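Worksheet: the structure to be examined is printed underneath.
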Protein chains: 2
Amino acid sequence: MSKTIEFQGVAPRASLGDMVHQQIVEALVSGQFSGGEELNEVSLASQFHVSRTPVREALRRLASEGLVINQRNRQTTVVEMSRRDVIETYEVRRILEASAARLAVEQVEPRQLADLRTLAAAAIPPASSDWGQGERRFDEELHRVIADSCGNRKLQQEIQRYKNLVRFVRSRVARSTQRLAQGHAEHLRILDALERRNGAQAEAEMSAHIASALQCVLEDLPLLGRTP
Amino acid sequence: MSKTIEFQGVAPRASLGDMVHQQIVEALVSGQFSGGEELNEVSLASQFHVSRTPVREALRRLASEGLVINQRNRQTTVVEMSRRDVIETYEVRRILEASAARLAVEQVEPRQLADLRTLAAAAIPPASSDWGQGERRFDEELHRVIADSCGNRKLQQEIQRYKNLVRFVRSRVARSTQRLAQGHAEHLRILDALERRNGAQAEAEMSAHIASALQCVLEDLPLLGRTP
DNA sequence: CGCTTGTGTACTGTATACACTTTGAGGCAG
DNA sequence: CTGCCTCAAAGTGTATACAGTACACAAGCG
């Protein structure tokens, strides 16, 4: 294994541990490690040009976030998600984000909804060749706005925690154009419900959306796990 | 500050960091620290007769669990929960445990329900002088069985994470006998729903139960935060 | 031939030393 | 008296040394 990860633009006042953590998260959620792969503290330390201390800190934090497994006196390994793990992860995400959507109808600003509409308009398939890019942007923003405007910072935090796990899973499966289009339609339904300030509907649409995303992921699932 | 915390019965193969973590959690959720209190790495290390390394590990973990606040180059402080924080925490807990209750009706074993009935019978107020003790036991077991039998280990994990936060809050308010009796009634309604395998009802009863618990906590709330 | 047992190696766990940051007290000028 | 500067003290951040453990592999034994 001779992967090279270098520091990119990082916050100036972050500790080395934070920076290492952020870098490894990026590597994990962009699919640069395969499930079960071992993360050696010493080699990570030399890759980042820091000592083992910040690396250990980052690895413990990653373990608490569920991205790696940390057993005493064993090398830290990248988590291997079984089919069941993926289902469970998406189920928790569904519970959290559906609740957030229900709560968000109370607090979301008209301005934010208008901005989302603009993003949505730039992502109408197959209006342009890069509507897929726009849809990913719309996707990202819609989920972010809902989490941010649910009015519950703890809930927002939990959703954020799960986002990395979901990105980790998603980096291991291909998102088809067809799925993107389906997702776009679902996102529009969620946005509609928000605009109507209909909490129950927003909750139901978000719930259906995440269930549907899970189905698509499951179709590709054999790709998950250790790839020797 | 001359608190003395010593190791109690601990798992033999746990690391020092794990043991320190466990000890501090116990101290926190049993109200031995007031909100905003500073946790000094050096003095904790000497109290536990270990070096700063395991202590730092424990403190970082506690921070990720929301029990302490960890700012760069600042002393770690015990979290101060505002009224809003308490509400938000209970709201997330409500979302998680209500969903778990809904799922648990599918998986919970008749045997477990029977055991819960037995516990419930030993906690009928005001049947005996120590029914309160029995009710606390029933409470603990009911919530544990539901989390364990929801069939989703990730969800169970999240509930576990929140349990410590809730215990932290609860250690700062008095649980009246009246509240215990009310809780007993609510617990019975949840158990009924489980026995009837009625998921929607179990979810609703659990949701109402946690909302009601929040109300009681809020009444005592001025006690929270720094106590000089 | 297989099982056990020693032993080396490559890690992680812990302690400790040192560097850097923050903070507050005290002195000095205005 | 007040505001600012300096500097020491106390704490955390990081590097590093050493201790302990698990695993692989080979030698010895049945």
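Letters go in sequence order (proteins before strands), and every chain restarts at 1. Note that the structure is predicted; figures quoted are calculated from it, not measured.
Formation of a donor-acceptor pair under 3.5 Å by the B:Arg172 side chain with backbone atoms of B:Phe168 is found in this model. Between the side chain of B:Glu97 and the main chain of B:Arg94, no donor-acceptor pair closer than 3.5 Å is present.
Whole-Å rounding puts the A:Glu41 CD to C:dA10 C1' distance at 12 Å. Atom pair A:Gln71:CD and D:dT21:P shows a separation of 17 Å (rounding to whole Å applied). In this structure, CG of B:Leu16 is placed 16 Å from P of D:dA19, rounded to the nearest angstrom. The interatomic distance linking A:Arg72 (CZ) with D:dT21 (C1') rounds to 8 Å, in whole Å. As rounded to whole Å, 10 Å separates atom C1' of C:dT14 from atom CD of B:Glu57. What separates CG of A:Asn70 from P of C:dC11 is a distance of 16 Å, to the nearest Å. Between the CD1 atom of B:Ile69 and the P atom of D:dT12 there is a distance of 15 Å, rounded to whole Å. With rounding to whole Å, A:Asn73 atom CG is found 14 Å from C:dC11 atom P.
Remark: the B:Asp85 side chain and the B:Ser82 side chain contain an N/O donor-acceptor pair separated by less than 3.5 Å.
Regarding contacts with the backbone of C:dA10, every side-chain N or O of A:Asn40 stays at 4.0 angstrom or more from both OP1 and OP2.
Of the listed nucleotides (C:dG13, D:dA22, D:dT12), D:dA22 has the atom at the smallest distance from the side chain of A:Arg74. For A:Ser51, the listed nucleotide lying nearest its side chain is D:dT16; candidates were C:dG13, D:dT16, C:dA15.
Looking at heavy-atom distances under 4.0 Å, B:Thr53 makes contact with a base. Within 4.0 Å (heavy atoms only), B:Arg56 reaches at least one base atom of the nucleic acid. Within the 4.0 angstrom heavy-atom criterion, base atoms lie near A:Arg52.
A:Arg136 has no carboxylate O lying under 4.0 Å from a charged side-chain N of A:Glu140, or vice versa, which leaves the two without a salt bridge. Look at A:Asp18 and A:Arg61 and you find a salt bridge, because one of the NZ, NE, NH1 or NH2 atoms lies within 4.0 Å of a carboxylate O, short of that distance.
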